[in-house]
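Everything numeric here is computed off the predicted structure, so don't read it as measured data. Below, each value reflects all heavy atoms present in this structure, side chains not excepted, and no hydrogens, waters or symmetry copies. Counting starts at 1 for both ligands and their atoms, following the listed order.
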Amino acid sequence: MTEEERVELAARYQTVRSGIPAHVTLVAVSKTRSVEEVQALYELGHRAFGENYIQELCEKQSRLPADIEWHFIGHLQSNKVKQIAPFVHLIHGVDSIRLLDELDKRAAQVGRVLEVLLQVHIAQEDTKHGFSAEELLALVEAPWRWQHVRIRGLMGMATNTDDEAVVGMEFAVLAALFQQLRDRSGGPALDTLSMGMSGDAPLAIAAGSTLVRIGTAIFGERPAKAS
Ligand SMILES: *Cc1c(COP(=O)(O)O)cnc(C)c1O
């Protein structure tokens with residue numbers, strides 16, 4: 001990175017930071033970004049980073065400071081859980097019972113309790129994974145049988161559209177569901193509602209998000225191949 005790029009990164013980071021209230025966690029989404037770029041943000045004092053791809057996450061984790069909190073925000077396949085179980089801080093997109101079973105098993109093997117967010121299907125697109133509202137309520141009301149997995153809350157993605165009414169409505173649905181789950185789950189308090197990205201973070205925060213996942217607004221546009 002050039003000195004100029006560092007200065008630009010710092011400026012974008014400060015802008016994003018200053019737009020986020022203190023009670024909302026900022027996860028910097030570093031997918032497709034270099035180790036050097038992550039390190040530069042780390043040196044500005046940032047610790048929470050989000051990645052979508054297991055191989056990229058493991059590679060960065062092994063090369064960057066140990067006190068980084070790594071968030072896995074992509075679609076997690078059961079056969080990849082083993083690789084991140086020893087170090088991952090929070091897994092955002094847990095979307096099936098089968099995955100909970102696998103997380104429990106792998107967490108037990110490494111002597112950890114893994115913290116997770118359950119993914120809710122709110123967007124209109126079929127491609128987005130997640131539980132339905134009914135499935136979620138059933139899940140938290142039944143006895144929790146995964147001793148090495150702790151649910152911290154929900155994660156959701158709105159439809160990719162410029163229509164703020166649609167996005168705002170989807171976030172409101174998610175926030176209401178989060179509240180309902182908190183009311184009904186007798187167990188440990190749910191405290192994390194992960195919703196909002198570069199394009200829709202203000203709407204998400206207004207609707208009650210407690211964690212935003214921001215990539216582009218901090219690091220600049222990603223190369224076109226990234227999703
Ligand atoms: C890439 C990604 C983000 C960040 O998106 P930006 O638009 O770059 O802020 C947030 N959440 C998920 C799940 C992502 O895949």
Only heavy atoms of Arg213, strictly under 4.0 Å: list the atoms of ligand 1 that pass.
4 (C), 9 (O), 10 (C), 11 (N), 12 (C), 13 (C)

Taking the six-membered ring for Trp, are His121 and Phe131 closer than 6.0 Å centroid to centroid?
no

For Ile214, the ligand 1 atoms with a heavy-atom partner under 4.0 Å come out as 9 (O)

If I compare all heavy atoms of Met195 with all of Val212, which pair ends up nearest, and what's the gap?
O-CG1, 3.6 Å

Look at the rings of Phe49 and Phe219 and say which category their plane angle falls in: under 30° parallel, 30 to 60° tilted, over 60° perpendicular.
tilted

Within ligand 1, which atoms have a heavy atom of Thr216 less than 4.0 Å away?
6 (P), 7 (O), 8 (O), 9 (O)

Non-hydrogen atom of Arg222 closer than 4.0 Å to ligand 1:
yes

Is any side-chain N of the basic residue among Asp104 and Arg150 closer than 4.0 Å to the acidic one's carboxylate O?
no

Ignoring angles and geometry beyond distance, decide whether Gly215 reaches within less than 3.5 Å of ligand 1 through its nitrogen or oxygen atoms.
yes

Short list, please: which atoms of ligand 1 are under 4.0 Å from a heavy atom of Lys31?
1 (C), 2 (C), 3 (C), 14 (C), 15 (O)

With atoms numbered from 1 as shown, which atoms in ligand 1 lie under 4.0 angstrom from a non-hydrogen atom of Asn52?
14 (C), 15 (O)

Show me which atoms of ligand 1 lie under 4.0 Å from any heavy atom of Ser198.
6 (P), 7 (O), 8 (O), 9 (O)

When you look at Arg63 and Glu59, which way does the salt bridge (charged side-chain N to carboxylate O under 4.0 Å, His left out) test go after all the steps?
CA-CA 7 Å; Arg63 295 174 58 191; Glu59 164 84 15; 3.0 Å; yes

Closest contact, heavy atoms only, Leu193 versus Gly208:
CD2-O, 3.7 Å

